[in-house]
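Take a look at the structure below.
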There are 2 protein chains.
Amino acid sequence: MSQESRTDNDQLLAVAAEEFARKGLAGARVDAIAAAAGLNKATLYYRIGDKQALYEAVFERELGGLIRETEAAVGTAVGAKAQLRAFIGAVAASLGCAAPLLLREVADGGSGIPDHALDHMGKLVGLLRQILEAGAASGEFRPVNPFVIHMMIVGGLNLYAANAPIRERVAARHPQGVSAAHFITLEQAAGMMYDYILGALRP
Amino acid sequence: MSQESRTDNDQLLAVAAEEFARKGLAGARVDAIAAAAGLNKATLYYRIGDKQALYEAVFERELGGLIRETEAAVGTAVGAKAQLRAFIGAVAASLGCAAPLLLREVADGGSGIPDHALDHMGKLVGLLRQILEAGAASGEFRPVNPFVIHMMIVGGLNLYAANAPIRERVAARHPQGVSAAHFITLEQAAGMMYDYILGALRP
DNA sequence: CATTCAACTAACCGTTTAGTTAAAATATTG
DNA sequence: CAATATTTTAACTAAACGGTTAGTTGAATG
């Protein structure tokens, strides 16, 4: 029962994540989420609580997955450069529909971020800082402000991941002004960002 | 009359911008905007139209200011490096409350961006591309994907500008894990980003 | 068979929200 | 001044929304 209930909630949270990602906390409709999850609205309230609780569960799930996979990827890499590449690649690979959620939360001042998810975000920042400090200690990197680097990586990845529809609209309006450079995959963009950050860190 | 009405609308748009920045299109309340602007709701509807029209006017105004000031700053700079510095500095300086608006719009897939504002965004991308291509032609920069660089700069600046409340909350929860590096001004962060991007562009 | 209990549902409720209206006030003009 | 056009207002509406309620189901328990 606990197992089954857990699985069902997982399905619900995945569906809700898409809805919250597309519409935001204020824009998403509980009825729409319940319908998409094949649930009666009252069942949803019975299982989770109110809209805010559902949102927090979704956010924590998405961010938890991101930090777990990123820590795992960095953990298997050896050396500051390989760890940096793993960090950027893992964040890019496991963003999923977390990018719109994150962007909206930042815009909101983080008003919907539960404390536990906040700790996740702190861990991600700390992880990159460790990588950069280790690289600086070994002489591979020059000393930098790790938080600013973090903003450039995470900001760049999230913005790129989320703005595909805008790129396409711009391309449709200005076919001559758009090059193939605008239409690479997120993985390719992440690879380039690693390359550029590496250049920025060169002593 | 036209002049006075224009000025009044400017006041209204500035107030509405703050509300939309804080709450988003779906979260902002027309009554709250009208009250904050010292206007009756019907007056707002008479002057502007519906909520969507108000939002589009706000967005265009904010983005228009950003692109205008950025183009002006880059225009007075000489040489690719100085122009790059001007670009980053001007975007940072004139973000204002545009950062949350932009982040939310990207998260939304740009569904609320009017065509004219979309052209502004295209111009900003094109401006940076010109700078980077000129630098590559003169041998100052190595060839890069200008759009990815754009994402890192604009994503980094917007994320940094908007996430101050989150930083403070993290700092309050983990006083030991937070360094002074997290609490520099946006201008200082922009200066560092210029430095890092310059490193990334070094041939 | 009677009872219990978690899980679920259809229908409903009070509030909020974007948007409207009709009339009063104010300015503009002939 | 009178007539006409423009603004402003309080009050209102219809619909949408988050959340609740009373009641059902079906399996476990005794």
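Just so we're clear, the structure is a prediction, and the values are computed from it rather than from any experiment. Atom set for the values below is all heavy atoms of this structure, side chains included, hydrogens, waters and symmetry mates excluded. Numbered from 1 within each chain, the chains take letters A, B, ... in sequence-line order.
- In this structure B:F20 satisfies the ring-ring contact (aromatic ring centres under 6.0 Å, His included) test together with B:Y55, sequence neighbours excluded.
- Put simply, A:T43 has a side-chain N or O that comes within less than 4.0 Å of OP1 or OP2 on C:dT9.
- The side chain to side chain contact (heavy atoms under 4.5 Å, CB included) search around B:T185 returns B:E187, B:Q188, not counting sequence neighbours.
- Take A:H116 and apply the ring-ring contact (aromatic ring centres under 6.0 Å, His included) test, not counting sequence neighbours, and it matches A:H120.
- Cation-pi geometry between A:R142 and B:Y196 is not met at under 6.0 angstrom from the ring centre and within 45 degrees of the axis.
- Close to C:dA6, at under 4.0 Å from its OP1 or OP2, lies no side-chain N or O of A:R47.
- Rounded to whole Å, the distance from CG on B:L44 to C1' on D:dT7 is 13 Å.
- Contact check, A:Y46 against C:dC8: no side-chain N or O comes under 4.0 Å of OP1 or OP2.
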Below 3.5 Å is the cut-off: list the nitrogen or oxygen pairs between protein and nucleotides 16-20 of chain C, distance only.
unit_1: C:dT17; atom_1: OP1; unit_2: B:R29; atom_2: NE; d: 2.8
unit_1: C:dT17; atom_1: O3'; unit_2: B:R29; atom_2: NH1; d: 3.4
unit_1: C:dA18; atom_1: OP1; unit_2: B:A28; atom_2: O; d: 3.2
unit_1: C:dA18; atom_1: OP1; unit_2: B:R29; atom_2: NH1; d: 3.4
unit_1: C:dA18; atom_1: OP1; unit_2: B:K51; atom_2: NZ; d: 3.0
unit_1: C:dA18; atom_1: OP2; unit_2: B:V30; atom_2: N; d: 3.3
unit_1: C:dA18; atom_1: N7; unit_2: B:K41; atom_2: NZ; d: 3.2
unit_1: C:dG19; atom_1: OP2; unit_2: B:Y45; atom_2: OH; d: 2.9
unit_1: C:dG19; atom_1: OP2; unit_2: B:K51; atom_2: N; d: 3.0
unit_1: C:dG19; atom_1: N7; unit_2: B:K41; atom_2: NZ; d: 2.8
unit_1: C:dG19; atom_1: O6; unit_2: B:K41; atom_2: NZ; d: 2.7

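- Rounding to the nearest 0.5 Å gives a distance of 12.5 Å between CE of B:M151 and CE of A:M152.
- The nearest whole Å value for the distance from the NZ atom in A:K23 to the C1' atom in D:dA16 is 13 Å.
- Remark: the backbone N or O of B:Y160 is paired with a side-chain donor or acceptor of B:R167 at under 3.5 angstrom.
- A salt bridge is absent between A:E71 and A:R68; no separation between the charged side-chain nitrogens and carboxylate oxygens falls under 4.0 Å.
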Report each atom pair, protein N/O against N/O of nucleotides 24-27 of chain C, whose distance is under 3.5 angstrom.
none

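- Not counting sequence neighbours, the partners of A:R173 by the side chain to side chain contact (heavy atoms under 4.5 Å, CB included) test are B:D115, B:L118, B:D119.
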